[in-house]
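Inspection log for the structure reproduced underneath, given as structure tokens.
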Amino acid sequence: MGLSSCLPRDWYARDPLLVARDLLGMHLVRLLDGQVLRGVISETEAYRGEEDLACHARVGRTLRTAVMYGQPGVAYVYFTYGMHWCLNAVCLPPDFPAAVLIRAVEPVDGLAVITARRAGRLRARWTDGPAKLTQAFGVDGQQNGVDLTSQAGGLWIEAGESVPDEQVITGPRVGISNVPEPWRSVPWRFRVKP
DNA sequence: TTTACGATCTAT
DNA sequence: TAGATCGTAAAT
């Protein structure tokens, strides 16, 4: 598979706010059924620590949140709303729980597979939500704990194009309306201008 | 064992 | 605007 250009573990061992910002423009890559699927990351959200009441780790270390307390650069994939999977990259060194939710990508490779997996939907809606992109890329609970810094797990992130600040919009995180302030409103969501 | 509620998506 | 649908964590 040639030279690995996976982002290294040190790159993830940083504040999730920085990782979320810098993940914009990077490439999410998935090896699925012998096909390479690739998307340019266009939207992310940071979740940081047990004190962040929007973070799953607010309940502390459990079976579910365990990977967030582990090595940075590992995938945290969780199941929600009874039917959806969401993909995160774990950040910061072990024992401090933090992760970045990948909310949207722009598909660039493997379009035939992606369109088949998102049959009946408009192209603009293929991967414009966290559970849509996991459906499109065939990511589910089996990828929980997979190392994103290596191609071995069939799911990784490569360096891509850097996105200038003028192209970045920040805002509050989505889907946390029952979370108390300040966590509900902190601008920890990052996206590339359309 | 039971309950309440989701880091969502889709159709209405 | 509401229904789908079930794992997780806390309450009973």
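Letters go in sequence order (proteins before strands), and every chain restarts at 1.
- Taken together through direct or relayed side-chain contacts under 4.5 Å among Ile, Leu, Val, Met, Phe, Trp and Tyr, L31(A) and F137(A) form parts of separate hydrophobic clusters.
- Nucleic acid contact for R121(A): sugar-phosphate only, since backbone atoms but no base atoms lie under 4.0 Å from a heavy atom of the residue.
- One interatomic measurement links the two molecules: CZ of R58(A) to C1' of dA10(C), which rounds to 12 Å at whole-angstrom precision.
- In this structure, R118(A) reaches the sugar-phosphate backbone alone: every heavy-atom distance under 4.0 Å involves primed, P, OP1 or OP2 atoms, never a base.
- Backbone-only contact: A131(A) has heavy atoms under 4.0 Å from sugar-phosphate atoms and none from a base.
- Side-chain proximity of M83(A) to dT10(B), dA9(C), dT5(C): nearest is dT5(C).
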Run the side-chain contact (heavy atoms from CB on, under 4.5 Å) test on Y12(A) and L7(A) for me, step by step, so that the C-alpha distance in whole Å, both residues' side-chain angles and the decisive distance to 0.1 Å come before the verdict. CA-CA 8 Å; Y12(A) 294 95; L7(A) 294 172; 3.9 Å; yes

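- Nucleic acid contact class of N88(A) (heavy atoms, under 4.0 Å, all strands): base.
- Distances shorter than 4.0 Å separate none of the side-chain N or O atoms of R64(A) from OP1 or OP2 on dA10(C).
- Separating the CH2 atom of W85(A) from the C1' atom of dT5(C) is a distance of 13 Å, rounded to the nearest angstrom.
- Scanning atom types as modelled, no donor and acceptor separated by under 3.5 angstrom connect the side chain of Y81(A) and the base of dA4(C).
- For the pair F190(A) CZ and dA7(B) P, the interatomic distance rounds to 19 Å; values are reported in whole Å.
- Rounded to an integer number of Å, the gap from I102(A) CD1 to dA7(B) P is 17 Å.
- Among the nucleotides dC9(B), dA9(C), dA7(B), the one closest to the side chain of K132(A) is dC9(B).
- Distances shown here put every side-chain N or O of R125(A) at or beyond 4.0 Å from the OP1 or OP2 atom of dT10(B).
- Smallest separation of non-hydrogen atoms from A13(A) and P93(A): O-CD, 4.4 Å.
- Evaluation of Y78(A) against the base of dA7(B) yields no stacking contact (centre distance < 5.5 Å, interplanar angle < 30° required).
- Remark: P of dC5(B) and CG of L53(A) are 16 Å apart, rounded to the nearest angstrom.
- For K132(A) against R125(A), the heavy-atom pair with the smallest separation is CD-O, 3.5 Å.
- One can place CD of Q135(A) at 14 Å from C1' of dA4(C), the figure rounded to the nearest angstrom.
- Under a 3.5 Å cut-off, the side chain of T115(A) and the backbone N or O of R123(A) do not form any donor-acceptor pair.
- Salt bridge R117(A)/D33(A): absent, no basic N to carboxylate O contact under 4.0 Å.
- Pair assignment for dT8(B): dA4(C), on the basis of Watson-Crick or G-U wobble contacts that are both within less than 3.5 Å.
- The nucleotide whose nearest atom lies closest to any side-chain atom of H84(A) is, among dA7(B), dT10(B), dC9(B), dC9(B).
- Rounded to a whole Å, the CZ atom of F79(A) is 13 Å from the C1' atom of dC9(B).
- Phosphate proximity of dG6(B) to T80(A): absent, as no side-chain N or O sits under 4.0 Å from OP1 or OP2.
- Atom CG in L101(A) sits about 14 Å away from atom C1' in dG6(B), given to the nearest Å.
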